[in-house]
Protein chains: 2
Amino acid sequence: MTEPLPLFPTAQAPPSGQVDLTLTVTEERPRLRADAARNRTRLLEVAAELAAERGIGNVTMEAVATAAKVGKGTVFRRFGDRAGLMLALLDHHEQQLQTAFLTGPPPLGPDAPAAERLRAFGPAIIRHERAHRDLYLAAHGDLARHYSSPANHLRLGHLALLLRQLKAPGDIELVAHTLLGYLGTLLADHLLTQRGMSVERLAAGWYDLVERLGAAG
Amino acid sequence: MTEPLPLFPTAQAPPSGQVDLTLTVTEERPRLRADAARNRTRLLEVAAELAAERGIGNVTMEAVATAAKVGKGTVFRRFGDRAGLMLALLDHHEQQLQTAFLTGPPPLGPDAPAAERLRAFGPAIIRHERAHRDLYLAAHGDLARHYSSPANHLRLGHLALLLRQLKAPGDIELVAHTLLGYLGTLLADHLLTQRGMSVERLAAGWYDLVERLGAAG
DNA sequence: ACATTCAACGGACCACGGTCCGCTTGTTCC
DNA sequence: GGAACAAGCGGACCGTGGTCCGTTGAATGT
């Protein structure tokens with residue numbers, strides 16, 4: 001229980017302006033006051049800690065507030081609601097994944113051919129979501145928000161980019177949505193745990209999907 | 001406000017054994033005591049009424065209980081939780097839709113060729129979900145349950161059936177899931193309201209999808 | 001008719017998410 | 001340094017979903 005790492009840098013990662021893709025507006029956040037920023041990181045640290053020791057599902061907003069020695073109102077002011085806190089927690093892991101396919105090594109990163117990257121994308125997402133399963137489930141409590149989340153938007157843009165590079169036919173944005181839908185946390189989880197499918201089968205399904213939807217017209 | 005129709009028959013519609021598809025278990029419900037059944041229908045009627053007059057989002061479980069002159073515990077005993085009540089409400093509309101594509105006229109029903117039916121399926125679902133938008137949103141509060149719901153299972157089985165008739169290649173079950181994912185309430189809603197797409201565009205996307213995923217190997 | 005049993009009932013009770021508003025404190029500008 | 005301002009803070013408060021458990025009364029067998 002000693003504090004090992006300086007995770008959760010004070011400010012949100014600055015928008016790395018590269019891939020814009022003109023799909024949505026990247027909301028700008030107005031910079032926090034010093035004490036607020038301090039509290040923000042404390043809250044995230046504490047929340048992660050509590051989640052680790054008792055499972056994210058058993059972490060109440062009040063508990064987080066108390067453990068971080070702030071009022072409950074502060075937590076809500078900062079994160080909006082429970083899903084917001086979860087999203088913020090998730091954000092950290094999400095960024096790891098993002099760098100993996102934005103700037104990482106092949107086959108995920110930009111040095112591999114588009115078809116390769118597209119193939120690799122699916123299993124990477126599924127693995128990642130499995131690793132942080134409960135957090136994803138908790139965060140997507142409000143599913144409506146999910147589709148507008150920066151993370152999802154980024155994935156979408158990435159897929160659209162690859163599809164365009166492949167000269168895939170049809171309505172690219174819709175095809176990208178279809179592909180992302182296949183990788184959705186809840187669907188994948190359902191297929192794996194309820195229907196007892198193997199990760200390999202899901203991966204094979206993905207390869208097939210990509211081949212049929214990504215093939216040039 | 002006069003009571004117009006005898007909706008919500010006392011018992012759940014009996015399982016019409018036809019299309020089984022061996023995809024899940026069809027749970028059997030153990031038959032209710034007379035008073036319980038009476039209460040069940042009263043609750044559903046009252047809930048529908050309240051939903052109509054103040055919007056489903058503003059209908060609390062307690063309000064339903066009070067309006068139906070039963071204790072709150074009774075509501076929860078019957079429907080499990082809020083999502084359960086919503087699902088039960090939805091069930092009625094759902095059955096209309098189901099008969100439309102199980103036994104109705106072409107192009108949805110069994111007298112049209114499989115390719116036609118598959119094409120028609122998408123817009124039909126989207127229209128239906130739009131018509132009952134808020135109910136769907138409220139019901140899918142717990143998304144995990146959604147995938148196991150009988151309604152979803154039926155759609156899945158239907159799609160799988162059509163795909164098989166078309167001799168579509170690949171992992172049929174996964175392809176069916178992909179197609180259904182495209183029609184998901186939340187996704188469709190997001191694309192229509194947030195991203196401002198037209199129903200026509202979604203429909204066109206569906207036709208394209210169906211063509212590429214349903215085409216014989 | 002009566003006894004037995006057990007699903008169903010009611011509503012007090014609890015926990016948690018979320019809001020509100022009067023007070024405090026960092027920031028900025030002179 | 002000090003004044004003016006807005007952002008941040010805390011925690012009492014509220015509504016709602018969900019649980020618990022003692023009581024009631026259908027169903028069923030004799």
Side-chain angles (χ1 to χ4, degrees), chain A residues 10-12 28-44 46-47 50-51 54-89 134 137-145, chain B residues 10-12 28-44 46-47 50-51 54-89 134 137-145:
Chain A
T10 291
Q12 192 90 327
E28 199 53 89
R29 87 172 48 205
R31 243 248 309 292
L32 300 175
R33 226 168 69 174
D35 53 348
R38 221 170 24 241
N39 279 340
R40 191 188 131 91
T41 59
R42 269 240 310 288
L43 283 168
L44 285 174
V46 160
L50 288 181
R54 70 176 76 158
I56 194 65
N58 300 324
V59 178
T60 72
M61 297 300 269
E62 192 148 24
V64 174
T66 307
K69 300 215 189 100
V70 299
K72 192 159 53 144
T74 303
V75 186
F76 281 94
R77 155 171 290 266
R78 192 67 358 160
F79 300 103
D81 56 10
R82 188 187 162 78
L85 174 58
M86 299 304 166
L87 242 7
L89 271 178
D134 46 356
L137 293 183
H140 295 355
D142 183 356
L143 261 270
R145 213 199 255 46
Chain B
T10 290
Q12 192 89 326
E28 199 53 90
R29 88 171 47 204
R31 245 249 303 297
L32 301 175
R33 226 168 68 175
D35 52 350
R38 221 171 23 240
N39 279 339
R40 190 190 133 91
T41 60
R42 269 240 311 289
L43 283 169
L44 285 174
V46 160
L50 289 181
R54 70 176 74 157
I56 193 66
N58 301 323
V59 177
T60 73
M61 298 300 270
E62 192 149 24
V64 174
T66 308
K69 301 214 188 101
V70 300
K72 191 155 62 140
T74 303
V75 185
F76 281 95
R77 155 173 290 265
R78 191 67 357 155
F79 300 103
D81 56 11
R82 186 184 164 80
L85 174 58
M86 299 304 165
L87 242 9
L89 271 178
D134 47 354
L137 294 183
H140 295 352
D142 184 356
L143 262 269
R145 216 198 254 45

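Every chain is numbered from 1 and lettered A, B, ... according to where its sequence line falls, protein lines coming before strand lines.
Remark: P of D:dA26 and CZ of B:R38 are 8 Å apart, rounded to the nearest angstrom. Residue A:R31 contributes atom CZ, which lies 18 Å from atom P of D:dA6 at whole-angstrom precision. At whole-Å resolution of the value, CG in B:N58 and C1' in D:dT16 are 13 Å apart. Distance CE (B:M61) to P (C:dA12): 18 Å, rounded to an integer number of Å. The distance from atom CG of B:L32 to atom P of C:dA7 is 12 Å, rounded to the nearest whole Å. Counting to the nearest Å, the P atom of D:dT16 and the CD1 atom of B:I56 are 14 Å from each other.
The NZ atom of A:K72 sits 9.0 Å away from atom CE of A:M61, with the distance rounded to the nearest 0.5 Å. Note that CZ of A:R54 is 7.0 Å distant from OG1 of A:T60, once rounded to the nearest 0.5 Å. Note that the CG atom of B:L32 and the OG1 atom of B:T41 stand 10.0 Å from one another [nearest 0.5 Å].
The base of D:dA27 is not paired with the side chain of B:R33 by any donor and acceptor separated by under 3.5 Å.
Place A:G73 and B:D81 on DNA chain D by their nearest nucleotides, and A:G73 ends up nearer the 5' end. Between B:N39 and A:E62, the residue anchored closer to the 5' end of DNA chain C is B:N39, taking for each the nucleotide with the nearest heavy atom. Positionally, the nearest nucleotide of DNA chain C for B:D35 lies more toward the 5' end than for the other of B:D35 and A:K72.
Of all nucleotides listed (D:dG8, D:dA26, C:dG18), C:dG18 comes nearest to the side chain of A:F76. Counting only heavy atoms from C-beta on, B:T60 has its side chain closest to D:dG17 among D:dG17, C:dG17, C:dC9. Distance from the side chain of A:R82 is smallest for C:dG17 among the nucleotides C:dC9, C:dG17, C:dG26.
You'll find the side chain of A:V70 stays beyond 4.5 Å of the side chain of A:V64, heavy atoms only.
Here B:T74 reaches the OP1 or OP2 of C:dG10: one of its side-chain N or O atoms lies under 4.0 Å away.
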